[in-house]
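So the structure is just underneath, and the comments pick up after that.
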Amino acid sequence: MTARTTFFTLLLLILCAVNVEAQVDSLSRKQDSINMVVLMDYQNKIRELAVQRKADSLKRIELESRLNALGNTDRVKEKELQHQLEDIALREKQQMTFKKAKIDSLRKHTLGFPVIGMLKDTLFFIHAKTGAFTPFERAQNISRKIHKLYNNDFLKVDSIVAIKSENTIDIMYGETIVMSVSETDALWNNLSLEALANQNCQIIKTAITNAKIENGFSKLLMRIGLVLLILISLWLVIWLIGKLNVRFIAYVNKRKEKWFHSLSYKDYTFLSQDQELSFVLFFLKIVHWFIIVMILYIAFPLVFSIFTFTRGWADDLLNLVWSPFKSMFIAIWHYLPNLFSILAIFFVMKYFVRLVKYIFSEIESEKLKISGFHADWAMPTYSIVKFLLYAFMFVLIFPYLPGSDSNIFKGVSVFLGILFSLGSSSAIANMVAGLVITYMRPFKIGDRIKLGDISGDVVEKTLLVTRLRTVKNEEITIPNSSILSGNTTNYSTYTKTDGLIVHTNVTIGYDIPWKEMHQALIDASLLTEGILPDPKPFVLQTSLDDFYITYQLNAYTREANRQAKVYSALHQNIQDVCNQRGIEIMSPHYRAQRDGEKTTIPAFYLPKAESGAKENGKTNE
């Protein structure tokens, strides 16, 4: 059995125990409720019988007085009166039989209300009401009077006696009636009225006597001594455990080279020797404190049980610790059906999302083609559908969440919704812009684009931002809302079909024939790596200025992402070709006197005669 299996088995046992206890509590509460209903019905019937019995008693007294007045004068009338008295006696016997049968049936289901003594012990139980006092009120009143007698420093226990009154026997001390024992009480206890009264009287006297002995000064000193002995023993046990723990840790440290070895696979070490030792030491620390807590858990009830007034503290202390866990386990047990519903909804939605992802993956790889739906829309659309599906899943799960129907939960949800709405306006704007950009398809990953003054390759597209990498390897993050509100130049859109036109301007003097200049520029472009020979480069004359003509060279390339290198190589070739053909590039503006002044062409491009003259010109200068 693995540790995980053991843990779940233990958790299931705890939950079952908590459920059993919860069911027992529920049945107990239900049974108490039923008992209260039965007792109330019984009390109502007893009240009716008491009224009838009182009427019968008065009637019997009347009949007996009339019978005594007749004497032996009227035999017929005498028999009639005796017959009526027999009917009354029979009715009383039937009433007593009914009461006894009813009490016998109730005795199986109820224990009554306890009368508590000074030592927190139960002296006896009260089941019947007397006059306007319910059984619970009678039990409380009797307990209070017994405690009052105990607190009387001049109490004479032998003076507590049972005295018979008209229909009850009263247990009295002086003028104080501690309790009254009725015929119904006797029936509840299956005793005669006199026997129950004498028994309760003796119980009260014994309880007061024992309480005075238990709370005496000698007992108090002995209990204090026991407490000190337990505390000293407790300290000694904890001290010994600490010593053993220190020695065991030292022993483990001494044997660590033998016991612990690094847990590794090839070049990767999962757990080093020191990490294993730290784990073991941490486990020993947990065991050490667990043992101490268990010892204290046993010792505290033992200490509290020594003194009478602290005997209930142990239960209260344990309830303080156990009650939260008990409530938690009960809540978990009752929540399990909802939890299973949530798990079912989650797993169904999870595998449905996987199915949707598979379909869109097929569309992205162009294995599945849908008319009018582009492949690069697949994954962004999948992200939207996944978000909507998970949102729908949350709507289904929400009613099963604990406390979802409470006003606090609803208020917090509304508050969080308002905060999200106010704080995410710009984020939502970027998300909407991201969706629009996705379906507008102005660019895709890997395209060379220009946004405002920023040029670079698209390396990432999200619902919120787009990231570009410039030719200087700078990563620039641009919010989607900014992209949507500006212009986007895409250099890569027609690269694979028509090719991207790279162009540059050159200014040449009027002394160079334009046909010769056109050919020189075209030849220079064809020498450039990355320039396409077909379509053929072409030249435009864009302006005729005061000192020069502006020629614009246009050439096709499929390498939009290498524009900087293509432009650099193109400019180098234009310089070389123009210098080889004796063409002076008049940009920037150049002014020279042609009476012996040197040209702008480098010396190694000129014939030797002209080159020597140029060097002589330098020397002369």
Side-chain angles (χ1 to χ4, degrees), residues 1-22 220-307 309-333 335-336 339 343 402:
M1 184 178 289
T2 62
R4 180 180 296 178
T5 305
T6 304
F7 170 76
F8 282 112
T9 303
L10 181 60
L11 180 60
L12 182 60
L13 288 175
I14 292 173
L15 291 176
C16 289
V18 172
N19 181 52
V20 169
E21 187 174 354
L220 180 62
L221 291 178
M222 185 174 64
R223 287 169 180 163
I224 292 174
L226 286 174
V227 170
L228 292 176
L229 179 62
I230 292 173
L231 293 178
I232 292 171
S233 302
L234 181 62
W235 175 83
L236 182 61
V237 171
I238 294 175
W239 180 79
L240 287 174
I241 291 173
K243 285 291 184 182
L244 290 174
N245 184 57
V246 171
R247 290 195 176 186
F248 191 70
I249 289 174
Y251 181 74
V252 171
N253 282 318
K254 185 178 179 180
R255 308 275 293 183
K256 68 177 182 179
E257 298 295 336
K258 182 178 179 180
W259 289 355
F260 303 111
H261 302 283
S262 296
L263 181 63
S264 59
Y265 176 74
K266 294 184 178 180
D267 296 332
Y268 181 74
T269 301
F270 295 99
L271 284 175
S272 65
Q273 187 182 56
D274 292 334
Q275 288 175 329
E276 291 177 358
L277 178 62
S278 299
F279 176 78
V280 171
L281 293 178
F282 177 72
F283 178 74
L284 290 176
K285 185 177 181 181
I286 292 177
V287 171
H288 172 237
W289 283 107
F290 177 77
I291 294 173
I292 291 177
V293 170
M294 290 304 297
I295 291 172
L296 293 174
Y297 185 84
I298 296 171
F300 277 137
L302 185 61
V303 172
F304 290 147
S305 64
I306 293 175
F307 292 100
F309 62 91
T310 61
R311 284 174 184 168
W313 293 5
D315 295 334
D316 294 339
L317 182 63
L318 296 180
N319 285 333
L320 286 176
V321 177
W322 172 243
S323 292
F325 292 101
K326 177 182 174 183
S327 302
M328 181 178 67
F329 285 124
I330 291 175
I332 291 173
W333 180 261
Y335 185 68
L336 282 180
L339 181 61
L343 291 176

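All figures in this text were calculated on a predicted structure; none of them were measured in a lab.
In this structure, CH2 in W289 is found 8.0 Å from NZ in K285, a value given to the nearest 0.5 Å. Put simply, CD1 on I330 and CH2 on W333 are 11.5 Å apart, with the number rounded to the nearest 0.5 Å. For the atom pair CD1 (I249) and CG (L244), the distance works out to 11.0 Å, reported to the nearest 0.5 Å. Rounding to the nearest 0.5 Å gives a distance of 12.0 Å between CD1 of I291 and CD1 of I286. Once rounded to the nearest 0.5 Å, the distance linking CG of L277 with CD of E257 reads 9.5 Å. Taking CD1 of I238 as the start and CG of N245 as the end, the distance is 13.0 Å to the nearest 0.5 Å.
Test L234, L240, I241 against V237 for side-chain contact (heavy atoms from CB on, under 4.5 Å) and you get one pass: I241.
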Q: Check the pair H288 / I292 against side-chain contact (heavy atoms from CB on, under 4.5 Å), numbers first and verdict last.
A: CA-CA 6 Å; H288 172 237; I292 291 177; 3.4 Å; yes
Q | Working for side-chain contact (heavy atoms from CB on, under 4.5 Å), residues K243 and W239 | A | CA-CA 6 Å; K243 285 291 184 182; W239 180 79; 3.4 Å; yes
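Shown here is F248, whose CZ atom has no more than 12 heavy atoms of other residues, nucleotides or ligands within 6.0 Å.
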